Protein chains: 2
Amino acid sequence: MTEVSSGRALTGVEDRVLDAVLECSQHWGYERMTIDDVVERSGVSRATIYRLFPGGREVLFEALRVRELDRFFAELRAEVESADTLDDIVVRAVVGATRALRDDEHLAAMLAAEPGEMLSQLTVDGVPRIIRMATASLTPLVASHLGPARSRALIDVLARLTISYFLAPSPLVDLGDEASARPFLAPMLREFSPPSTATN
Amino acid sequence: MTEVSSGRALTGVEDRVLDAVLECSQHWGYERMTIDDVVERSGVSRATIYRLFPGGREVLFEALRVRELDRFFAELRAEVESADTLDDIVVRAVVGATRALRDDEHLAAMLAAEPGEMLSQLTVDGVPRIIRMATASLTPLVASHLGPARSRALIDVLARLTISYFLAPSPLVDLGDEASARPFLAPMLREFSPPSTATN
DNA sequence: TGACGGTGAGACGTCGGGCGTCTTAGTGTC
DNA sequence: GACACTAAGACGCCCGACGTCTCACCGTCA
């Protein structure tokens with residue numbers, strides 16, 4: 001199994017700290033969360049936290065975002081991996097990602113409590129990383145059908161569309177519903193398919 | 001209609017401020033809530049807030065507690081007022097209060113987020129005031145059956161029991177359910193009834 | 001028109017508390 | 001006994017929230 005990750009695996013202590021950051025930020029909000037909150041909730045001492053995540057506060061949040069994105073795409077890839085046709089791969093990826101986003105309670109809470117920070121991560125600052133991880137995670141599955149370049153372009157577009165339709169659902173299509181998503185994605189797939197295999 | 005209240009009526013601006021305090025404290029928690037949050041949410045300027053509630057922060061919370069208690073007992077009294085027998089008065093009051101407590105989203109959120117502060121208001125610091133308001137609100141209805149002294153004693157006990165069973169429900173009785181509460185309260189009522197009218 | 005009460009906007013100094021760093025002592029392992 | 005790792009907490013710094021104050025603005029009433 002190919003390891004798709006943004007860095008080395010986290011130790012148990014690091015995970016406990018990030019769990020605490022997640023819970024505290026959900027409870028108090030990013031800005032109102034305190035390092036001492038994390039100390040108390042995680043049971044890990046102040047000194048240890050700063051040794052594991054040198055740079056403080058912002059490094060902590062960054063590490064959490066990396067871990068959550070890692071998990072997100074690991075699960076997504078697992079869902080998609082068994083698909084055979086390009087159509088199925090893409091539909092499963094988009095529908096699965098949309099549903100995962102909708103089911104993410106932490107994401108929902110953060111979007112409600114601090115839309116500024118969260119939206120920035122989903123639409124501006126965080127997008128390059130999201131695209132990068134989506135590409136790293138899904139390109140291996142798509143490339144055999146489209147080749148690397150077209151794969152990257154397709155995944156780029158799909159990631160952006162998935163985020164947009166998650167943030168602002170459209171009455172025209174529901175990307176969380178396979179029956180609705182498939183015909184919506186089909187023409188886009190034809191657009192990206194190499195002309196040699198296109199039927200017209 | 002008898003006015004049972006802890007002070008003069010609030011102006012529109014004061015209510016807007018307290019609404020904002022309620023929303024902000026629910027959102028951020030009592031301690032993490034900022035006066036500037038209240039300014040932003042209420043649309044009332046900093047200077048005006050301090051002029052309306054001189055003393056700052058704690059005065060603001062105190063005013064909110066007073067207002068909410070006023071409303072609580074005003075609604076409770078309205079529910080109870082039409083009852084005729086002492087039994088009905090007491091059962092309606094206890095069941096109504098229990099249900100109101102259970103339905104209070106702000107109370108639930110605060111209890112979950114900051115149990116320390118909230119429990120203190122329900123079990124230590126706030127109890128005298130709660131008893132006082134319950135007495136002021138309900139004594140007029142009960143006194144005609146029991147006289148003022150016994151009424152005060154009964155209401156004191158019932159208020160404490162209502163709070164206790166709300167905070168720590170018992171498998172033996174559900175004070176939010178009339179059918180369960182009535183037989184539970186009946187013997188207590190006999191205990192408080194004047195011996196001249198007691199049947200044994 | 002001018003006086004006046006009520007309000008918004010925001011500057012100001014103060015002070016608490018959260019920050020990031022550091023030291024010390026304790027614990028488990030080899 | 002050496003070593004790695006951690007908890008506990010002291011330390012100074014500095015930001016930001018606090019409460020106060022001033023000023024300008026607006027509507028009302030004399």
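Each chain gets a letter, A, B and so on, in the order its sequence line appears, and its residues count up from 1. The structure presented is a predicted model; accordingly, all values stated were derived computationally and were not measured.
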| Excluding sequence neighbours, so at least two apart, what forms salt bridge (Lys or Arg N to Asp or Glu O under 4.0 Å) with B:R152? | none

| Residues forming a ring-ring contact (aromatic ring centres under 6.0 Å, His included) with B:Y30, sequence neighbours excluded | B:F61

| Roughly, in whole Å, what's the span from CG in B:L52 to P in C:dG5? | 16 Å

| task | List in chain and number order the residues that pass ring-ring contact (aromatic ring centres under 6.0 Å, His included) with B:Y50, two or more places apart in sequence or in another chain; answer none if no residue qualifies. | result | none

| request: Quick one: list whatever passes salt bridge (Lys or Arg N to Asp or Glu O under 4.0 Å) with A:D177, sequence neighbours left out. | output: none

| request: Note down the inter-axis angle between the two ends of the helix from C:dT1-D:dA30 to C:dC30-D:dG1, five pairs each, to the nearest 10°. | output: 20°

| query | Can you check the A:E31 CD to C:dG18 P distance for me, whole Å? | reply | 15 Å

| said: Once side-chain hydrogen bond (donor to acceptor under 3.5 Å, both in side chains) is applied, do any residues pair with A:S45, and if so which ones, sequence neighbours excluded? | reply: A:T48

| query | Of all residues at least two apart in sequence or in a different chain, which pass the side-chain hydrogen bond (donor to acceptor under 3.5 Å, both in side chains) check with B:S144? | reply | none

| All side-chain hydrogen bond (donor to acceptor under 3.5 Å, both in side chains) counterparts of A:T85, not counting sequence neighbours | none

Check nucleotides 24-30 of chain C for protein N or O atoms closer than 3.5 Å to its own N or O atoms and list the pairs.
none

| request: Kindly write out the residues that satisfy ring-ring contact (aromatic ring centres under 6.0 Å, His included) with A:Y165, not counting sequence neighbours, or none if the list is empty. | output: A:F184

| Is B:E117 salt-bridged to B:R65, going by a charged N under 4.0 Å from an acidic O? | yes

| side-chain hydrogen bond (donor to acceptor under 3.5 Å, both in side chains) partners for B:D88, two or more places apart | B:R182

| Nucleotide by nucleotide, 5' to 3', does protein get under 4.0 Å of the base (B), only the sugar-phosphate (S), or neither (-) in nucleotides 7-22 of chain D, counting heavy atoms? | BBB-------SBBBB-

| How many Å lie between CZ on A:R51 and C1' on D:dC5, as a whole number? | 6 Å

